[in-house]
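Ligands are counted one by one from 1 in listed order, and the atoms in each one are counted from 1 as well. Positions are given from 1, in the same order as the sequence printed here. The basis for the numbers below is simple: all heavy atoms, side chains too, and nothing from hydrogens, waters or symmetry mates.
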Amino acid sequence: MKILLHTPHAEDAPEWIAALERALPAAHVRRWSPGDTAEADYAVLWRPPAELFVRRDNLRAMFVLGAGVDALLALERRAPGTLPSGVPLVRLEDAGMAEQMAEYAIYAALRYMRRFDEYELAQRENAGAAPWRPLEPHARDAFHIGVMGLGMLGAHVAKRLADLGLSVRGYSRSKKTIEGVTTFAGASALPTFLDGLKLVVNLLPSTPDTEGILNRDLFARLAQGAYLVNLARGTHLVEAHLIEALDTGRLAAATLDVFAQEPLPAAHPFWRMPRVTITPHISALTLREPAVRQIARKIEALARGETIGGIVDLDRGY
Ligand code: NAP
Ligand code: GLV
């Protein structure tokens with residue numbers, strides 16, 4: 001069995017190759033390099049160039065080393081026919097990412113609910129002379145948290161927040177049942193879901209339907225002085241609307257892990273906005289061992305003629 005690997009960083013490749021060959025002893029894994037059109041049965045990919053897909057119609061499946069497939073689907077939108085037709089595109093399902101997302105979201109929610117962000121700011125701005133001023137925490141019962149996207153990651157995040165006794169709502173395309181979470185489904189339910197939320201956690205996939213969804217109209221439906229936590233994609237957020245909402249106080253603060261342009265350019269205002277906390281796309285990292293285990297199990301299942309989870313619906317975009 002021949003597996004073609006593409007990781008953006010050459011230095012990662014040997015460890016991925018070793019892990020894949022350990023999990024699939026019959027496999028020979030090679031790192032793709034420009035000009036390589038030699039035969040392969042499977043591809044394991046993160047941020048591949050369009051050129052990799054030339055003459056790849058014989059692949060049995062393409063596995064993405066992440067949960068989001070928007071970058072790959074964007075290649076296809078820009079140049080239809082780039083992706084080999086009829087070859088299943090398979091994304092990671094959790095593979096250790098859901099709990100990382102839960103840790104991040106819980107940290108952000110508690111930080112804002114207990115107003116630690118404001119104490120951090122006071123200390124930073126008035127080192128040695130910070131006023132000794134206890135702030136009233138936000139009332140727990142009124143600190144309604146909304147999780148947008150209730151898939152592999154969002155459903156787990158919503159459940160873990162609800163397990164802390166917090167007030168949690170969830171929003172998805174199709175109706176979900178999650179213990180302790182009030183769920184809403186479909187675009188017509190979005191206004192009710194948003195109504196009076198104090199904190200929004202975004203875990204939607206980036207698709208033509210969801211791009212720009214974190215915008216002025218959405219912010220207007222939240223509680224005054226609400227918080228935004230974007231953990232999904234930068235394309236979801238209209239950055240100018242966030243800046244405006246922070247300036248007017250409509251939003252109190254935002255924590256952003258993803259950006260329209262990554263790495264975030266040095267001149268970008270987010271670097272210098274005291275109410276914006278940024279992290280470099282680390283809310284859920286791809287973990288090598290669980291990712292490889294999952295891909296290996298799926299390759300074995302396909303070889304047995306079984307169906308597998310995580311196949312991307314190209315029309316839906318996720
Ligand atoms: P997923 O399992 O495919 O779940 C997507 C969820 O979003 C589903 O609940 C889906 O609804 C819902 N959804 C999709 N389109 C919608 C729409 N138009 N309106 C309402 N709900 C909609 O995806 P996942 O594995 O949870 O991952 C979510 C995203 O997280 C990824 O696409 C990626 O962009 C991002 N991510 C970021 C990082 C990071 O480090 N920052 C790491 C991993 C993933 P249905 O359930 O009804 O289909
Ligand atoms: C990372 O952003 C992923 O989609 O897995």
Quiz prompt | Residues E239, R216: salt bridge by 4.0 Å N-O rule | solution = no

Quiz item: Do T279 and Y104 have side-chain N/O donor and acceptor atoms under 3.5 Å apart?
Solution: yes

Pairwise, report which nitrogen or oxygen atoms of ligand 2 are under 3.5 angstrom from protein nitrogen or oxygen atoms, and how far apart they are.
unit_1: ligand 2; atom_1: 2 (O); unit_2: R233; atom_2: NH1; d: 2.8
unit_1: ligand 2; atom_1: 2 (O); unit_2: R233; atom_2: NH2; d: 3.4
unit_1: ligand 2; atom_1: 2 (O); unit_2: H281; atom_2: NE2; d: 2.6
unit_1: ligand 2; atom_1: 4 (O); unit_2: A67; atom_2: N; d: 3.3
unit_1: ligand 2; atom_1: 4 (O); unit_2: G68; atom_2: N; d: 2.8
unit_1: ligand 2; atom_1: 4 (O); unit_2: R233; atom_2: NH2; d: 2.8
unit_1: ligand 2; atom_1: 5 (O); unit_2: A67; atom_2: N; d: 2.7

Quiz item: Given A185, G151, P208, which one has a non-hydrogen atom that is nearest to atom 4 (O) of ligand 1?
Solution: G151

Self-check item: Pair T182, R169: side-chain N/O donor-acceptor within cut-off below 3.5 Å
Solution: no

Self-check item: No-hydrogen, no-angle side-chain donor-acceptor test under 3.5 Å, D257 and H281
Solution: no

Practice problem: May I ask which of N202, V157, L204 has a heavy atom nearer to atom 22 (C) of ligand 1 than the others do? | Solution: L204

Quiz item: Are any of the side-chain nitrogens in K159 or D163 under 4.0 Å away from the carboxylate oxygens of its partner?
Solution: yes

Exercise. Give the single entry among G149, P205, G317 that approaches atom 5 (C) of ligand 1 most closely by any heavy atom.
Key: P205

Exercise. May I ask which of M152, E211, M101 has a heavy atom nearer to atom 38 (C) of ligand 1 than the others do?
Key: M101

Quiz item: What do you reckon, does T207 put a non-hydrogen atom under 4.0 Å from ligand 1?
Solution: no

Practice problem: Give a yes or no on whether L231 and L110 share a hydrophobic cluster (residues Ile, Leu, Val, Met, Phe, Trp, Tyr; joining criterion: side-chain heavy atoms under 4.5 Å apart). | Solution: yes

Quiz prompt | R173 side chain to Y318 side chain, donor-acceptor N/O pair below 3.5 angstrom | solution = yes

Quiz item: Quick one: does E93 get within less than 4.0 Å of ligand 1, heavy atoms only?
Solution: no

Quiz item: In terms of side-chain heavy atoms, does T277 have a donor or acceptor partner in R111 at a distance below 3.5 Å?
Solution: yes

